[in-house]
There are 2 protein chains.
Amino acid sequence: MPIQKVTKEEVINNALLLFKKQGYHRTSMADLAAACGLLKGSFYHYFSGKDALMKEVLDTVHGYFSTKVFPIAFDESLTPRERLEKLIAKQIRVVSNTEGGCLMGNMALETALISDDFIPQMRIFFEEYLQTLTHLYAFQHSPEIAQKLAQQAVVEYEGAWIMVKLTNDYQYLKDVLQRALERFDK
Amino acid sequence: MPIQKVTKEEVINNALLLFKKQGYHRTSMADLAAACGLLKGSFYHYFSGKDALMKEVLDTVHGYFSTKVFPIAFDESLTPRERLEKLIAKQIRVVSNTEGGCLMGNMALETALISDDFIPQMRIFFEEYLQTLTHLYAFQHSPEIAQKLAQQAVVEYEGAWIMVKLTNDYQYLKDVLQRALERFDK
DNA sequence: GTCTATAAAACGATAGAC
DNA sequence: GTCTATCGTTTTATAGAC
């Protein structure tokens with residue numbers, strides 16, 4: 001076996017960083033390959049194309065949230081309110097850890113109207129996210145109100161990233177967390 | 001004297017539609033020219049380049065809001081609450097009138113981290129927007145609370161567009177308007 | 001020799017600019 | 001329309017591990 005410079009997981013991780021920061025259309029295969037120390041042609045040993053790579057990146061993000069973030073909502077060692085705080089705080093921390101904000105939101109805004117390729121994955125992600133928050137808010141509110149509060153939290157979170165990107169002021173995200181908690185207690 | 005087929009204003013308007021729907025990097029000069037019925041080359045008679053065109057588009061959007069939307073907040077024939085409702089409703093109606101949502105938000109998310117070219121214009125737009133909403137909320141709240149409520153309204157509005165693009169469900173925007181009004185009365 | 005990760009080169013298409 | 005550069009992609013070649 002020849003020497004492997006990067007694993008597929010590393011490629012996906014590097015691609016995630018670039019796609020988050022630069023967006024999908026602005027990021028070239030050469031950019032992605034260079035971030036991995038490869039030439040762009042070599043990239044096609046791992047992926048059939050740019051769109052297939054993005055789909056694997058989206059799957060990776062989804063998988064992380066499904067295993068590391070959303071389950072917080074069902075951790076019975078915590079109160080529902082503690083779970084809500086831990087869940088949103090963790091999401092903000094994880095997503096803030098690298099540049100570019102929320103890949104799912106970025107991609108939705110960049111591609112939803114010009115390509116169907118990524119819509120199913122993005123829709124499923126946000127559906128699960130909304131269901132998770134609705135489950136928590138339902139401890140203190142009716143199902144209908146809980147759903148609206150979940151939608152409000154997601155909408156605020158995604159919008160806050162736009163303002164953070166523009167102003168470099170992370171206070172927008174801190175306020176989102178605080179308000180999401182205040183609305184839990186009503 | 002050659003016949004001028006399209007005015008500069010028409011070019012800017014057509015570019016606005018395309019940029020809103022397809023984004024900046026995905027929209028080519030050929031796309032823009034075709035939408036105006038021009039040859040690519042003719043485009044550089046109007047604009048020195050793609051970035052200069054976008055700057056004029058952003059100026060046009062800013063100009064529209066400065067003259068047609070933001071002044072609603074200072075219309076003394078209406079109550080402050082009526083102004084708030086009219087302002088947000090008008091913005092939603094105007095922006096929803098064509099595909100693609102809010103150009104300022106789209107551009108902030110797409111370009112803020114990879115180019116300084118458009119940041120000043122976008123920052124000024126959102127600053128004026130926040131000041132306008134703060135002015136209205138200040139009728140019923142302290143200046144500090146009013147500012148936070150304004151930020152919340154903007155963040156919700158921009159985030160709602162992400163969900164609308166993804167789900168085609170405009171209810172997200174209607175809820176933004178309703179909540180912005182509820183928070184006025186506290 | 002066989003397999004495979006990478007390099008290298010080149011494809012057609014399209015980008016922005018003139 | 002024409003330019004040059006670069007896009008995403010494909011193909012061929014090389015090099016090292018079995």
Side-chain angles (χ1 to χ4, degrees), chain A residues 1-60 103 106-107 110-111 113-118 121, chain B residues 2-6 8 10-12 14-59 100 103 106-107 110-111 113-118 121:
Chain A
M1 241 209 296
I3 301 161
Q4 181 170 309
K5 299 172 81 168
V6 292
T7 66
K8 188 168 182 177
E9 287 69 30
E10 287 172 327
V11 170
I12 290 175
N13 237 340
N14 287 327
L16 170 59
L17 300 185
L18 270 182
F19 281 139
K20 271 185 51 158
K21 180 177 180 186
Q22 307 191 139
Y24 180 70
H25 294 103
R26 175 61 191 270
T27 301
S28 70
M29 294 300 279
D31 290 336
L32 295 163
C36 301
L38 296 174
L39 296 179
K40 59 175 177 172
S42 309
F43 236 71
Y44 288 80
H45 183 71
Y46 294 90
F47 306 98
S48 62
K50 190 183 182 182
D51 58 336
L53 169 56
M54 175 56 91
K55 285 177 185 172
E56 295 219 35
V57 171
L58 293 176
D59 273 342
T60 299
L103 180 70
N106 297 352
M107 280 295 287
E110 185 180 353
T111 71
L113 295 188
I114 52 180
S115 166
D116 296 337
D117 288 356
F118 312 113
Q121 287 173 282
Chain B
I3 300 165
Q4 186 164 343
K5 301 172 73 173
V6 291
K8 189 168 182 177
E10 287 172 325
V11 171
I12 290 175
N14 287 326
L16 169 59
L17 300 185
L18 269 182
F19 282 139
K20 272 185 51 160
K21 180 177 180 186
Q22 307 192 137
Y24 180 68
H25 294 102
R26 176 59 192 269
T27 301
S28 70
M29 295 300 279
D31 290 336
L32 294 163
C36 300
L38 293 174
L39 298 176
K40 289 199 293 179
S42 310
F43 234 75
Y44 288 81
H45 173 72
Y46 296 89
F47 307 99
S48 61
K50 191 182 179 181
D51 57 338
L53 169 56
M54 176 55 92
K55 285 177 185 171
E56 295 220 37
V57 172
L58 293 176
D59 273 341
L103 181 70
N106 297 353
M107 280 294 288
E110 185 180 351
T111 71
L113 294 188
I114 51 180
S115 167
D116 296 337
D117 287 357
F118 313 113
Q121 288 173 283

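Numbers restart at 1 for each chain; the letters A, B, ... are given by sequence-line order, proteins then strands. These numbers come from a predicted model, not from an experiment.
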Worked check of side chain to side chain contact (heavy atoms under 4.5 Å, CB included) between B:Phe47 and B:Ile12
CA-CA 10 Å; B:Phe47 307 99; B:Ile12 290 175; 3.8 Å; yes
What verdict does the side chain to side chain contact (heavy atoms under 4.5 Å, CB included) test give for B:Val11 and B:Leu38, after you've listed the backbone C-alpha separation in whole Å, the side-chain angles of each residue and the deciding distance to 0.1 Å?
CA-CA 9 Å; B:Val11 171; B:Leu38 293 174; 4.3 Å; yes
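The side chain to side chain donor-acceptor pair (under 3.5 Å) pairs that include a residue from residues 25-39 of chain A are A:Gln22-A:Thr27, A:His25-A:Glu110, A:His25-B:Arg26, A:Arg26-B:His25, A:Ser28-A:Asp31, where partners are two or more places apart or lie in different chains.
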Across nucleotides 8-18 of chain C, 5' to 3', mark each nucleotide with B, S or - according to how protein heavy atoms within less than 4.0 Å reach it.
B-B----SBBB
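Among the heavy atoms of the strands lying under 4.0 Å from A:Val6 are primed sugar atoms or P, OP1, OP2 only; no base atom is included.
In this pair, A:Tyr24 and A:Phe118 present their aromatic rings perpendicular. The plane angle is above 60°, beyond the 30 to 60° band.
The distance from atom CD of A:Gln4 to atom C1' of C:dA7 is 15 Å, rounded to the nearest whole Å. A:Tyr46 has its OH atom 19 Å from the P atom of D:dG8, to the nearest Å. In this structure, the CZ atom of B:Phe43 is 16 Å from the P atom of D:dG1, given to the nearest Å.
A donor-acceptor contact shorter than 3.5 Å links the side chain of B:Asn106 to the backbone of B:Gly100.
Taking each heavy atom of A:Asn14 and A:Cys36 in turn, the nearest pair found is ND2-SG, 3.4 Å.
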